[in-house]
Amino acid sequence: MVRPDVRWRERAAALAADLSASGLLHSEAWRTAVEQTPRHVFVPAMTLTTEEGPRAEHFDVDAWLDQVYSDSTLVVQRRQTPGGGHDSLPTSSSTMPSLMIQMLEALDVHDGHRVLEIGTGTGYNAALLAHRLGSDNVTSIDIDPDLVKAARQRLEELGHRPRLVAGDGLTGVPNHGPYDRIIATCAVPEIPLAWIEQLTPGGAMVVNVRGHLVGVLCVLVKQDDNEVIGPVIGAGSDFMWLRQDLSSPLRTAESPVRIGARKVARNLTALPPADVENNRDLAWLLQLSIPGLRMICSTDVFDPIEKRSRPGLLLYAEDGSHAQAVSEPEKDGQHRVIQGGPRRLWDTVETTHTMWTRLANPAPRRFGVVANQTVQFVWLDNDMDWLRWPLPLVWS
């Protein structure tokens with residue numbers, strides 16, 4: 001039950017005020033929903049987790065409430081990675097309110113709209129939707145029956161009874177469609193065709209399309225020819241993957257990478273590794289140009305010429321392709337590169353960086369997505385131009 005002695009209302013009002021002041025919250029209806037929906041009901045203290053597991057039993061209530069009503073993502077569930085060991089990954093959370101509000105406002109709902117949410121999680125987002133549209137107009141699905149059961153109980157405690165379904169979010173909920181709006185609080189490497197089919201003509205979906213490096217938010221509108229199209233509205237929104245295997249925290253069909261040792265080539269590059277590292281705008285284009293790109297990170301590169309390790313950059317992809325570039329330049333200003341596996345990754349990095357520079361360093365907001373039953377691609381600046389890259393962003 002909601003404890004009447006807990007001063008959550010002033011915290012919820014302060015959170016709404018902060019979101020408004022930051023320029024993210026514009027709608028009075030959504031502001032009222034944030035003010036009147038107790039987030040702490042959906043993230044009880046014992047559901048919050050850390051890298052080591054659940055939080056300790058004894059905690060400071062005020063400190064917990066301050067955390068709940070801050071603009072923070074709160075992890076409520078983790079699962080072990082396959083193969084044993086102690087590694088675990090988050091599998092459910094209450095998304096940071098600023099991102100939730102950005103998505104809800106981008107959804108552009110109107111009275112009477114029917115909404116499908118992919119990823120029930122804690123149920124807090126479903127509560128906001130039910131507050132705005134009424135429970136009868138909200139359907140939500142999650143792969144985890146336990147999460148759905150807990151969310152249903154919390155929603156009913158507040159008087160909300162949206163339709164909650166335990167099942168595979170990839171297939172949507174066809175028997176209760178079609179929907180005027182679809183919102184996905186999980187990430188996909190391409191647009192599921194079932195979502196397109198369950199959207200009404202002229203309806204819209206807000207989706208997080210991502211690879212292993214960068215995720216983007218897209219608002220896609222359904223055309224009369226069963227196609228969705230729309231722009232990227234923001235980057236850096238890396239939701240947890242939509243999963244079809246409840247027991248694993250990994251993306252469906254994701255497998256460990258085995259870096260290939262064959263076909264190793266050593267060469268020099270004029271592109272400084274520092275120009276590639278920590279550049280998320282470039283990383284987005286690299287994901288498009290190198291399907292299956294898994295990681296870009298700092299590392300020590302063993303230099304076979306000098307027989308020592310030197311600081312550098314590592315890239316590797318799902319097919320085992322890899323590249324290592326030494327950060328310190330040689331006397332001629334170039335950087336030593338070692339690459340191997342099925343593809344010469346650094347060659348594509350050089351080509352992509354040149355294209356990115358010639359295109360005036362495009363940020364993700366200059367891109368958009370088209371998806372239909374036969375083709376899906378990302379476009380730059382104009383969906384009718386020839387600059388386009390196929391989806392998905394990862395390989396099975």
Side-chain angles (χ1 to χ4, degrees), residues 8-43 47-49 63-77 90-109 115 117-133 138 140 151 154 181-188 204-210 213-220 230-242 280-281 283-284 363-365 367:
W8 66 268
R9 291 188 181 277
E10 63 183 34
R11 289 178 168 89
L15 174 61
D18 289 344
L19 294 174
S20 295
S22 65
L24 296 171
L25 178 54
H26 306 93
S27 164
E28 190 61 36
W30 286 123
R31 176 164 183 158
T32 301
V34 173
E35 291 175 339
Q36 297 183 4
T37 303
R39 191 186 187 201
H40 69 277
V41 169
F42 298 92
V43 282
T47 68
L48 299 183
T49 68
W64 162 59
L65 286 173
D66 288 342
Q67 180 185 15
V68 169
Y69 290 96
S70 66
D71 188 24
S72 303
T73 294
L74 305 175
V75 175
V76 300
Q77 185 190 78
T91 51
S92 184
S93 68
S94 179
T95 305
M96 59 191 306
S98 59
L99 179 54
M100 297 175 74
I101 286 299
Q102 180 186 4
M103 295 177 68
L104 289 171
E105 292 221 335
L107 201 61
D108 189 30
V109 298
V115 175
E117 178 191 33
I118 310 293
T120 308
T122 67
Y124 177 60
N125 196 60
L128 295 174
L129 285 165
H131 186 286
R132 171 65 182 85
L133 296 169
V138 178
S140 184
R154 294 162 184 163
R181 299 288 187 267
I182 296 176
I183 181 170
T185 56
C186 52
V188 290
M205 63 173 73
V206 177
V207 185
N208 178 214
V209 177
R210 63 167 287 201
L213 303 183
V214 181
V216 297
L217 279 182
C218 307
V219 179
L220 309 179
V232 170
I233 63 168
S237 48
D238 299 341
F239 278 95
M240 300 170 195
W241 290 110
L242 183 149
R280 291 183 66 84
D281 290 351
W284 168 245
R365 283 179 176 271
F367 294 80

**Asked** Does the Thr120 side chain pair with the main chain of Gly123, one donor and one acceptor, at a distance under 3.5 Å?
**Response** no
**Request:** Check the pair Tyr124 / Val43 against side chain to side chain contact (heavy atoms under 4.5 Å, CB included), numbers first and verdict last.
**Result:** CA-CA 9 Å; Tyr124 177 60; Val43 282; over 6 Å; no
**Message:** Could you work out, with salt bridge (Lys or Arg N to Asp or Glu O under 4.0 Å) as the rule, every residue matching Arg132, not counting sequence neighbours?
**Reply:** Asp111
**Item:** Pairwise side-chain contact, Leu15 with Ser70, heavy-atom cut-off 4.5 Å (strictly under)
**Value:** no
**Request:** Evaluate the ring planes of His40 and Trp8, with Trp represented by its six-membered ring, and classify them as parallel (under 30°), tilted (30 to 60°) or perpendicular (over 60°).
**Result:** tilted
**Item:** Backbone of Phe239 reached by a side-chain donor or acceptor of Asn208 within 3.5 Å
**Value:** yes
**Asked** How many angstroms lie between CG in Leu99 and OG1 in Thr185, if you round to the nearest 0.5 Å?
**Response** 10.0 Å
**Qualifying residue, where the test is side-chain contact (heavy atoms from CB on, under 4.5 Å) with Leu104 and the options are Val109, Leu25, Leu128** = Leu128
**Item:** Side chain to side chain, Ile183 and Ile118, heavy atoms closer than 4.5 Å
**Value:** no
**Complete:** In this structure, CE of Met100 is separated from CH2 of Trp30 (nearest 0.5 Å) by 9.5 Å
**Prompt:** Who pairs with Ala127 by side-chain contact (heavy atoms from CB on, under 4.5 Å), at least two apart in sequence or on another chain?
**Reply:** Thr37, Phe42, Leu155, His160
**Pairing residues for Val219 by the side-chain contact (heavy atoms from CB on, under 4.5 Å) criterion, not counting sequence neighbours** = Ala106, Val206, Ile233
**Request:** Would you confirm whether Arg39, through its side chain, and Val68, through its main-chain N or O, come within 3.5 Å as a donor-acceptor pair?
**Result:** yes
**Residue pairs fulfilling salt bridge (charged side-chain N to carboxylate O under 4.0 Å, His left out) with at least one residue in residues 17-26, sequence neighbours excluded** = none
**Message:** Show the nearest heavy-atom pair for residues Val232 and Cys218, with the distance to one decimal.
**Reply:** CG2-SG, 4.0 Å
**Asked** Do the non-hydrogen side-chain atoms of His131 and Gln36 ever get within less than 4.5 Å of each other?
**Response** yes
**Prompt:** Do the side chains of Asp108 and Arg181 get nearer than 4.5 Å, heavy atoms only?
**Reply:** yes
**Request:** State, yes or no, whether a side-chain contact exists between Arg31 and Ser20 at a heavy-atom distance under 4.5 Å.
**Result:** yes
**Message:** The criterion is side-chain contact (heavy atoms from CB on, under 4.5 Å); which residues satisfy it with Ala283, sequence neighbours excluded?
**Reply:** Leu213, Val214
**Message:** Assess the residue pair Val115 and Ile182 against the criterion (side chain to side chain contact (heavy atoms under 4.5 Å, CB included)); give the C-alpha distance rounded to whole Å, side-chain angles, the decisive distance to 0.1 Å, and a yes or no.
**Reply:** CA-CA 6 Å; Val115 175; Ile182 296 176; over 6 Å; no
**Request:** Kindly indicate whether a cation-pi arrangement holds for Arg210 with Trp241, taking the cut-offs as under 6.0 Å to the six-membered ring centre and within 45° of the axis.
**Result:** yes
**Request:** For Thr73 and Met96, indicate whether the former's side chain and the latter's backbone hold a donor-acceptor pair under 3.5 Å.
**Result:** yes
**Prompt:** Who passes salt bridge (Lys or Arg N to Asp or Glu O under 4.0 Å) against Glu105, sequence neighbours left out?
**Reply:** none
**Non-hydrogen atoms of Val41 and Arg154 that approach each other most closely** = O-CD, 3.4 Å
